[in-house]
Amino acid sequence: MALRAAPRRARWLASALLAPGAARAAPLAARLPVPPPPPGHLPALPALPAARFASGGPQGPEGEGARRRVVVVRITNPLAWLRTRFYYLLIRLYFDPEFSIEEFTRGAKQAFSLVSQLLSQRKLDLLEGLVSAEVLQMLKEKISSLSENHRDALAADMDAIMYTTEGDVRIYYDDDGRKFVSILMRFWYLNGADLSDEVPGETKVFQIVFGDESTKEKRHLLIANYEFQREFTEGAKPDWTITRIEHPKLLE
């Protein structure tokens, strides 16, 4: 299990995902390297769960060019919601009494934004210690074969992340008795990469158009899945590692 901490680069992930209270988000932001924005825009996504998309903002001549807001409303399965809350209770009872899914989600969003931009810029050497060795090897094999547009589509700025939710939560032991927790996070983000109306595999893409016909800006609403894992065996370092990265129909 790739759970070793890497100096400086890996510790920000643990700082933000574990620390309770608002004060814990600050150390993460302070430690994150700020990569230059990718030269292009961002890409497209597979079918989403039941959701509604709307844009808001000033209308008419004076409102043209003003920033628009996209609202994503997702219908959550109540049984899945109860199941994840039960797992969070178990984590607090048996692993980390200060665990907070709200703080974890904030840290996971920052981690996703940083890692996705490093992927887009092919700076894979900076991912060492943030992602598992297996995932890093997979990324090295796949990134080089991506088109420039698809690489641009991987990047997600923090203010372009429209919606975040938890997926599967797992608590398990390996054959040596080591204890692990993994949490799958799903992110929906806007991207303006130059993609066709359909990405490979004939998966439909949601498109949001801002402005009128003469000034319209078309952006795609994309999805990404990132899994975070931490070992809770006594004596293990309190670091979360990304053990799964999926950008459906873009990075496969």
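Predicted model only: the values in this text are computed from it and were never measured.
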Here the gap from F232 atom CZ to F180 atom CZ, rounded to the nearest 0.5 Å, amounts to 11.0 Å

Hydrophobic cluster membership, V169 vs L184, 4.5 Å side-chain cutoff | no

Inter-residue atom distance Q229.CD - R244.CZ, 0.5 Å rounding = 12.0 Å

Could you tell me whether the side chain of W240 reaches within less than 4.5 Å of the side chain of I183, counting heavy atoms only?
-> yes

Side-chain donor-acceptor pair present, R170, S182, cut-off under 3.5 Å = yes

In terms of heavy-atom contacts, R151 and S120 come closest through O-OG, 2.8 Å

Within a strict 4.5 Å, meaning less than it, do heavy atoms of the L251 and I143 side chains meet?
-> yes

Measure from NZ or CZ of R92 to the centre of the six-membered ring of Y88, then state whether that distance is under 6.0 Å and the direction lies within 45° of the axis.
-> no

Beyond-backbone contact of M138 with L136, side-chain heavy atoms, under 4.5 angstrom | no

Backbone N/O of D159 and side chain of D157: donor-acceptor pair under 3.5 Å = no

If you round to the nearest 0.5 Å, how far is OG1 of T105 from CZ of F228?
-> 9.5 Å

Closest non-hydrogen atom pair between I223 and P248, with its separation = O-CD, 3.4 Å

Side-chain contact, heavy-atom cut-off 4.5 Å: T241 with V135?
-> no

For the residue pair H150 and L195, what are the closest heavy atoms and their distance?
-> CD2-CD2, 3.4 Å

Under 30°, 30 to 60°, or over 60°: which ring-plane class applies to H247 and Y189, parallel, tilted or perpendicular?
-> perpendicular

Take R106 and E103, measure what salt bridge (charged side-chain N to carboxylate O under 4.0 Å, His left out) needs, and give me the verdict at the end.
-> CA-CA 5 Å; R106 278 191 282 271; E103 294 296 329; 2.5 Å; yes

Sub-4.5 Å side-chain heavy-atom contact between I245 and L119 = yes

Working to the nearest 0.5 Å, report the span between CD1 of I91 and CD1 of I171.
-> 5.0 Å

Could you go step by step and tell me if E231 and D239 meet the side-chain contact (heavy atoms from CB on, under 4.5 Å) rule?
-> CA-CA 8 Å; E231 180 179 357; D239 297 330; over 6 Å; no

Might you point out which heavy atoms bring F187 and A108 nearest each other, and give the distance in Å?
-> CZ-O, 3.7 Å

Kindly check if the number of other-residue, nucleotide or ligand heavy atoms within 6.0 Å of CZ (F95) is above 12?
-> yes

Is R122 salt-bridged to E148, going by a charged N under 4.0 Å from an acidic O?
-> no

Is it possible for you to say whether Y173 and L93 belong to one hydrophobic cluster, with membership spreading through side-chain heavy-atom contacts below 4.5 Å?
-> yes

Interatomic spacing from CG in L190 to CE in M162 - rounded to 0.5 Å | 4.5 Å

How far apart are the closest heavy atoms of A156 and S113, and which atoms are they?
-> O-OG, 2.7 Å

Min side-chain heavy-atom separation L146-L154 under 4.5 Å = yes

Just how far is it from atom CD1 of I161 to atom NZ of K109, taken to the nearest 0.5 Å?
-> 5.5 Å

Evaluate the side-chain contact (heavy atoms from CB on, under 4.5 Å) criterion for residues L139 and Q137: first the C-alpha distance (whole Å), next the side-chain angles of each, then the deciding distance (0.1 Å), finally the verdict.
-> CA-CA 5 Å; L139 294 173; Q137 181 59 38; over 6 Å; no

I101 side chain near F104 side chain, heavy-atom distance below 4.5 Å = yes

Please assess R83 against E166 for the test salt bridge (charged side-chain N to carboxylate O under 4.0 Å, His left out), listing each intermediate value before the final yes or no.
-> CA-CA 11 Å; R83 178 178 178 274; E166 317 96 70; over 6 Å; no

